[in-house]
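None of these values were measured; they are calculated from a predicted model. All ligand and atom numbering here is 1-based and tracks the order in the structure.
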Amino acid sequence: MADSKKNVLVIGGGAVGAIAALNLEVGGLATVSVVLRSNFKPVNESGYSIESCDHGILKNWKPSHVLPQVPDITNQSLPPYDYIVLVTKNCPDVPPSISSLVGPALPATNTHTTLVLIQNGLNIEKPFIESHPHTTVLSGVSLIGSAETAPGVIVQDDRDRLLVGAFRNPNIDVALEQNKAKEFVQLYGKGGKTDCVYSETVLHDRWRKLVYNACLNPICAITGLDTGRIRLADGGIEGLVRPAMQEIVQAAKAKGVELAENVVDFMIEVDPLDIYLSPSMLADVRKGNYIEFENLLGEPLREGKAAGVPMPTLEVLYQLAKAIQWRTKEAQGLVQIPPKRNAVA
Ligand SMILES: *[C@@H]1O[C@H](CO)[C@@H](O)[C@H](O)[C@H]1NC(C)=O
Ligand SMILES: *[C@@H]1O[C@H](CO)[C@@H](O)[C@H](O)[C@H]1NC(C)=O
């Protein structure tokens, strides 16, 4: 029955992408090709080394295909993929754009392939619905705890939970989009090692995660404090985190998304204090990487303000995050500055 398997291209095989590829392969309903960048060489040579609370210990694990770049299906005469799963970071302020990255495997006129975005933040589907108007786009909200401790070495210490639903594309029939989402849930969950569920409330899922990701995440990145230390720091929670989170709750409400009463306290305490967890933006700043601040912070801020919600804390966090991003751009040579003038008497 091998030929009834779905052909899945996973773009991005880091901490989250590797576990996604693993879940899809162990279910036996999909043949997975993974596109890797920085860790291509070690993974192509000897596979992943995975230590996972869901899957146990795997040595030299390889998905069906390991690719160094997104295949050009037109010039390589490949059939279209059934699913393309994007698990890369998403920084729309840093070129190349994510839709041009996917482009070679997803022609603009595509109607066959379903795109799955396992990425954080708001409005991430919008560029695709514009560039690929007849492509079904699914939302994946991942609540996994997983890290790549060395290239190709994955340590997953918190269970994989994935909420999948369809982003609304006005050019596509709602029932068709929802059926694709349900089918993907089946492919992903079939192996029984993950908690993957279909969700009809994609926007709610995304706003809820923003209570953490638009607030605690950038605050840790800006202050250099992990989620344990920000709770211990003088004024860290009451002066920064809680006001920011309350602004997100109000913005969500103005957009018709009612979050649970206790969501702020829940998110403040979601990481046990004494694991001193570094959220993604703090980890990225420490590694000199770009941060995903536009989709996590910029979009909810713009939506909230447009709906008339005062968001003074988020505004300042956003501008600080933008300055940090500029600092990284200068370090990476993406912006040039005028040479420093000699101090002459
Ligand atoms: C990947 O590994 C295979 C077999 O180990 C090797 O033949 C191939 O050249 C490698 N691919 C690249 C692009 O390095
Ligand atoms: C196919 O397209 C890729 C980029 O999409 C390009 O790098 C490659 O050179 C092309 N190959 C041929 C044979 O045209």
For atom 14 (O) of ligand 1, is the nearest protein heavy atom under 4.0 Å away?
yes
N-O pairing of Asp284 and Lys89 below 4.0 Å:
yes
Closer than 4.0 angstrom, basic N to acidic O: yes or no for Lys322 and Asp93?
no
Among Glu183, Glu177, Lys6, Lys180, which residue satisfies the side-chain contact (heavy atoms from CB on, under 4.5 Å) criterion with Thr114?
Lys180
Give the numbers and elements of all ligand 1 atoms closer than 4.0 Å to a heavy atom of Phe40.
11 (N), 12 (C), 13 (C), 14 (O)
Identify the closest protein heavy atom to atom 3 (C) of ligand 1: which residue and atom is it, and at what distance?
Asn44 ND2, 3.6 Å
Hey, is Glu269 close enough to Arg231 for a salt bridge, meaning N to O under 4.0 Å?
no
Establish whether atom 9 (O) of ligand 1 and some protein heavy atom are separated by less than 4.0 angstrom.
no
